[in-house]
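This report refers to the structure that appears directly beneath it.
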Amino acid sequence: MEEDNYLTRIVDEKIEKISDNSNVYSVGTVTGVKNFLIRVDGMDRVMFYEKINIGDKAIGYVSAIHENYVIVAIVDIKTPIIVGDMSYSTNTLFQGKYSNDAFGRIINIFGVDILSSKKFSSLIDLPIERPTIAIMDRTTVNRPLETGITGIDMLYPIGKGQRQLIIGDKRTGKTQILLDTIVNQKNKNVFCIYIALGKTKKEVKTVYKELVEKGAINYTIIVAAFNDDLPPVISLTPYFALSIAEEFMKSGRDVLVCIDDLKRHAEAYREISLLSNKTPGRDAYPADIFYTHSRLLEKGCQYKNGGSITILPVMETKGNDITDYISTNVISITDGQIVLSSKNFQKGEKPAINYGLSVSRLGGAVQTKELKEMGTQIRRKLLSYLERKSVYELVNEDEMSAELKNSFKEGEQILEKLRQYKFSTKTHQEMIDLFQDLFQKE
Amino acid sequence: MLIGRIISISELNVKMFLEDNAKVCLDEVLYCDLNGRRHRFEVVDIEENVISTIPFDSVIGLMKGLEVYKFSDKLDIEYSDEILGRVFNSYGEPIDQKPISSLNKRCVYDDIVTMENLNINSGLLYTGIKVIDFFAPLQKGYKMGLLGGAGVGKTVFIKELINNIYMKSKSSAVFIGVGERSREGKELYDEMLESNLLDKMSIVYGQMGENSVARSKAVYSGITLAEYFRDQKNQDVLLFIDNIYRFVQAKSEISNELKNVPVENGYPTTMISDISNVEERINSVDNGSITSFQAIYVPADDMTDEAVQSIITHLDGQLVLDRHIAEEGIYPAVDVFKTTSKAIDVRVVGERHYKLVERVLKYLTRYKELEEIIAVLGLEELSDNDKNVFYRSRKIRNYFSQPMFVAENYTNIKGKLVAIENVLNDIEGILDGKYDMVDESKFMYIGDLSELNIS
């Protein structure tokens with residue numbers, strides 16, 4: 001009881017202080033350091049999510065306000081923080097920095113041109129996160145986004161404003177599908193944003209080099225948070241990149257956003273949550289891991305003014321299992337998934353798409369009539385072939401019915417035609433021509 | 001009147017210190033204004049003079065010391081004919097840019113149907129979807145669950161049911177979108193509007209881009225609308241909920257942020273009572289009924305998940321969608337072994353239907369066993385009897401695929417309705433060997449077997 005009174009008194013005093021406090025900027029003292037989460041006492045008047053400077057050592061934002069202290073999550077640190085360091089509020093929310101010179105460059109949320117390690121000269125403040133896009137401001141997704149990959153454009157098409165997941169094990173060609181798609185947007189008036197999350201610097205530089213070589217870099221921005229960046233930075237980067245995309249969309253542009261990858265993002269978010277004492281749920285992820293990804297991917301839409309954001313998130317799996325917690329969460333958010341299989345990859349069937357498990361929820365709605373008619377028929381033939389092959393594999397060829405034999409023959413031809421080497425995208429007309437001989441007009 | 005001041009803030013939990021004479025109750029709605037924006041909070045916990053509240057939307061920019069006032073007693077929603085053809089957010093506010101003139105509001109946490117009023121007699125309700133009418137027929141006032149992992153076709157199924165049942169009936173309907181895609185929400189609205197079917201439907205959306213408080217409240221608001229049609233208009237209401245699992249998920253997020261002790265997998269302590277409170281309201285009374293269709297997301301394809309199991313307890317029937325069947329290209333991808341209904345009873349569906357279900361399940365069980373044998377030995381080694389079982393089972397399996405009206409974009413085939421009589425005849429025919437000479441691929445994506453033109 002005595003302790004209760006004590007607490008009440010403290011709170012009373014604080015509130016009194018607040019009400020007659022006239023200074024706008026408040027100052028606090030660091031009283032605890034737990035990895036990248038800093039406990040600060042004495043900051044009475046800070047906003048949730050306000051930007052905080054810890055001396056000139058580090059920058060962070062307010063991630064929780066408690067009765068008599070606040071928690072600051074550090075996003076950028078120069079020298080180690082010790083207890084007793086002074087912290088200063090800034091009276092502004094934590095925001096990302098963006099420059100219009102970012103096209104063709106690799107950038108981060110601080111407005112740094114990573115290739116030259118310099119800040120851009122003209123920087124604009126952009127909110128890291130914006131309110132969700134209202135239901136009534138969205139319109140139907142019905143324009144195709146051409147990836148140039150036959151197995152996608154014809155069988156599991158992607159529309160402008162769609163969210164299509166690319167999921168598969170390590171080394172199955174996930175990033176390659178993103179690169180092919182970006183390169184295929186050349187002269188199509190689509191801005192591209194490639195978000196690298198928790199990748200090595202080498203990997204990101206390779207992506208950059210490929211895009212330069214293919215002449216795709218001048219309409220692309222690479223937004224990167226490397227694997228040695230602080231978890232809050234990895235966690236915030238995709239939101240910031242989508243904030244940039246939203247800016248373009250609201251001015252009527254079509255934007256393609258690739259997120260590589262969300263598994264790493266989930267892990268960074270889990271790290272922050274567990275360190276902030278949130279209760280672990282399934283696979284030790286916090287309960288709001290679904291919302292973390294759903295509100296991010298809900299930025300993808302066909303907007304009422306004609307602009308759009310298409311999102312291709314990537315998810316890495318283990319042992320070709322797409323039914324683990326995080327993967328199914330994201331599958332349940334996106335408008336479909338392209339599943340890549342390491343078995344197909346090893347067999348040389350590239351792109352290594354598992355046609356049985358892949359889905360596009362928009363289907364023919366984003367295709368031309370011609371491609372839709374052909375695509376649905378070819379897909380039905382292919383799936384029927386794959387299923388029957390697994391059952392009738394051991395049947396003697398002499399005992400097969402004519403229908404079965406024909407289905408097997410056609411199935412093999414379809415698979416052969418779907419093979420496509422990297423950076424050899426096709427136009428829709430080329431795809432239609434390719435499959436003309438297997439298509440029966442209904 | 002000033003109620004108190006904010007003393008702590010985290011994403012889903014804002015604590016306030018009460019003024020000396022301020023009195024608050026649970027579920028009361030409070031607000032504070034900051035930079036021209038109104039933030040609202042609902043009281044969930046009271047301890048001496050400190051209260052915990054959950055914020056209706058983002059807390060970014062909030063500060064300690066902000067003054068909080070009373071907004072209303074409890075969350076409420078319009079309760080009149082004006083809800084027809086309208087779209088609301090979780091908090092009962094219209095979001096379709098049209099005003100509401102009357103203000104007959106009603107609290108969203110209202111009463112539960114008493115045993116005295118509960119009605120459990122009802123007739124069969126066919127959907128025209130072969131697999132559901134045959135394996136899991138519905139009755140009026142029924143609670144049907146559509147279970148499935150991510151991306152196996154729950155939402156398409158719900159939309160097909162809206163197409164087949166709602167569009168053909170005079171009943172009013174309520175659609176509650178909980179934690180699902182905003183794109184689909186808008187598409188449903190547009191489609192209903194275009195086909196002039198919105199006039200007897202009310203929609204509530206708390207979709208996945210919104211915070212967990214919004215997502216959890218959508219269910220309460222939507223059920224209150226359904227109760228209006230049932231209790232005030234004495235109608236047989238259709239209630240579609242996509243997706244009820246998201247309700248539990250949203251509650252988990254809130255519960256964790258309030259530092260309540262979780263049960264397994266991080267689900268909230270109050271999960272079972274939360275689900276019961278909602279499900280017990282979805283019932284029929286003497287003068288009106290609620291027939292509900294509830295999509296249930298199965299996390300990580302794990303049917304033993306506690307939340308999923310707790311919801312299933314309340315259902316009269318369930319339809320389970322399966323990833324392996326979807327992988328084989330058969331849609332709707334129904335796992336007939338897990339699909340059940342209380343109506344599969346000789347007294348309800350009649351002896352013929354009942355016996356046929358038994359026969360089909362026997363065949364399909366044997367087929368599953370045979371599949372394993374064939375994988376090792378091949379087909380030739382089977383006995384003639386088993387060969388028949390094998391080939392006929394594959395035809396039955398294919399027969400239960402069906403072109404859907406709302407899936408024309410995927411199949412390029414127009415949707416089809418099949419009368420239950422035809423389903424029974426067709427199944428009997430296949431089992432008796434009448435179609436042994438027809439190739440199995442002919443059975444895919446058709447209506448009834450008269451399409452095969454076999455004399």
Side-chain angles (χ1 to χ4, degrees), chain A residues 8 11 15 18-19 44-49 64-67 93 131-136 138-141 278-282 286-288 290-291 294-295 298 301 323-325 328 331-333 335-337 356-357 359 362-365 372-373 376 380 383-384 387 391 394-395 401 403 407, chain B residues 5 7-10 15 17 48-49 58-65 87 95-97 149-151 179 181-183 185-187 189-190 205 207-212 249 252-253 255-256 262 265-267 297 299-301 323 327-329 371 374 377-380 409-412 439 441 444:
Chain A
T8 320
V11 172
I15 288 179
I18 289 164
S19 45
D44 282 333
R45 244 184 129 61
V46 287
M47 294 179 283
F48 190 81
Y49 219 70
I65 300 176
H66 292 273
E67 278 86 336
L93 294 174
T132 187
I133 294 157
I135 287 192
M136 292 299 167
R138 297 163 187 258
T139 56
T140 321
V141 175
K278 280 197 190 174
T279 325
R282 201 181 262 269
D288 61 350
F290 170 77
Y291 180 49
S294 67
R295 68 178 197 270
E298 281 284 272
C301 77
T323 65
D324 72 285
Y325 181 50
T328 45
I331 290 174
S332 76
I333 298 166
D335 303 309
Q337 71 269 2
L357 285 173
V359 168
L362 286 149
K372 173 182 160 181
E373 278 176 1
T376 47
R380 213 177 310 137
L383 291 184
S384 158
E387 194 270 332
V391 176
L394 290 170
V395 173
S401 66
E403 273 124 337
S407 160
Chain B
R5 289 187 169 85
I7 52 167
S8 85
I9 305 161
S10 69
K15 286 190 179 171
F17 190 82
E48 290 196 31
N49 37 16
S58 167
V59 295
I60 289 178
L62 289 185
M63 279 184 281
K64 236 194 265 194
V87 188
I95 52 171
D96 46 9
Q97 278 99 33
R181 299 176 194 84
S182 303
R183 176 185 60 76
K186 184 64 193 320
E187 278 173 12
Y189 175 80
D190 288 342
Y205 284 133
Q207 295 298 42
M208 60 167 67
E210 299 182 51
N211 85 353
S212 37
Q249 188 174 47
S252 307
E253 292 171 34
S255 170
N256 274 319
N265 280 334
Y267 288 121
Y297 171 68
D301 282 13
R323 193 176 303 280
E327 194 179 355
E328 291 170 358
E371 256 187 333
I374 290 165
L377 294 174
L379 256 172
E380 278 93 287
N409 267 330
Y410 315 95
T411 57
N412 207 21
D439 186 73
S441 61
M444 288 281 255

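Note on naming: letters A, B, ... go to the chains in the order of the sequence lines (proteins, then strands), and numbering restarts at 1 for each one.
- Counting heavy atoms from C-beta on, the side chains of A/Leu362 and B/Arg183 come closer than 4.5 Å.
- Of all the listed residues (B/Val87, B/Leu379, B/Val59), the one sharing the greatest number of non-hydrogen pairs under 4.5 Å with chain A is B/Val59.
- Only the backbone of A/Asp324 comes within less than 4.5 Å of a heavy atom in chain B; its side chain stays farther off.
- Per-residue heavy-atom pair counts under 4.5 Å with chain B were compared for A/Gly356, A/Gly363, A/Ala134, and the maximum is reached by A/Gly356.
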Next on the checklist: Determine whether A/Leu383 and B/Glu328 satisfy the following criterion, side-chain contact (heavy atoms from CB on, under 4.5 Å), listing intermediate values before the conclusion.
Outcome noted: CA-CA 6 Å; A/Leu383 291 184; B/Glu328 291 170 358; over 6 Å; no
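- Across every non-hydrogen atom of A/Ala287 and B/Asn256, the tightest pair is CB-ND2, 2.9 Å.
- A/Leu357 touches chain B through backbone and side chain together, each having a heavy atom under 4.5 Å away.
- Of the two parts of A/Val359, only the side chain, counted from C-beta on, holds a non-hydrogen atom closer than 4.5 Å to a non-hydrogen atom of chain B.
- Residues B/Arg181 and A/Asp335 meet the side-chain proximity criterion, which asks for heavy atoms closer than 4.5 Å.
- Closest of all the heavy-atom pairs between B/Glu210 and A/Tyr291 is O-CE1, 3.1 Å.
- The part of B/Gln207 that comes within reach of chain A is its side chain, from C-beta onward, which places non-hydrogen atoms under 4.5 angstrom from that chain.
- No side-chain heavy atom of B/Leu62 sits under 4.5 Å from any side-chain heavy atom of A/Met47.
- Contact annotation for A/Arg138: both backbone and side-chain heavy atoms come within less than 4.5 Å of a heavy atom of chain B.
- Side-chain contact between A/Lys372 and B/Asn409 is present, with at least one heavy-atom pair separated by less than 4.5 Å.
- Side-chain contact between B/Tyr189 and A/Ile135 is absent, with no heavy-atom pair separated by less than 4.5 Å.
- Pairing each heavy atom of B/Ala150 with each of A/Ile331, the nearest pair is CB-CG2, 3.4 Å.
- Only the side chain of B/Asn49 has a heavy atom closer than 4.5 Å to any heavy atom of chain A.
- Only the side chain of A/Glu403 comes within less than 4.5 Å of a heavy atom in chain B; its backbone stays farther off.
- Contact annotation: the side chain of A/Thr328 approaches that of B/Asp301 to within less than 4.5 Å [non-hydrogen atoms, C-beta and beyond].
- Contact of A/Phe48 with chain B is made through backbone and side chain together, with heavy-atom distances under 4.5 Å.
- Contacts of B/Ser252 with chain A are made by both backbone and side-chain atoms, with heavy-atom separations under 4.5 Å.
- B/Arg323 and A/Thr323 make their closest contact through NE-CG2, 3.7 Å (heavy atoms, listed as atom of the first residue, atom of the second, distance).
- Here the shortest heavy-atom pairing between B/Ile60 and A/Tyr49 reads CG2-CB, 4.0 Å.
- Within the 4.5 angstrom heavy-atom criterion, atoms from both the backbone and the side chain of B/Tyr410 approach chain A.
- Scanning both residues, B/Lys64 and A/Arg45, for their nearest heavy atoms gives O-NH1, 3.7 Å.
- Contact annotation: the side chain of B/Lys186 approaches that of A/Met136 to within less than 4.5 Å [non-hydrogen atoms, C-beta and beyond].
- Between chain A and the options B/Met444, B/Glu187, B/Glu380, the largest number of non-hydrogen pairs under 4.5 Å is found for B/Glu380.
- Atoms CG and CZ, on B/Asn412 and A/Arg380 in that order, are 7.5 Å from each other to the nearest 0.5 Å.
- Chosen from B/Ser182, B/Gly378, B/Gly266, B/Gly329, the residue pairing most often with chain A at heavy-atom distances under 4.5 Å is B/Ser182.
- Contacts with chain B were tallied for A/Ser384, A/Ser401, A/Gly281; A/Gly281 has the most, counting heavy-atom pairs under 4.5 Å.
- With a 4.5 Å cut-off on non-hydrogen atoms, B/Asp190 touches chain A through its side chain but not through its backbone.
- Looking at B/Tyr267, there are no atoms closer than 4.5 Å to chain A (heavy atoms on both sides), in backbone or side chain.
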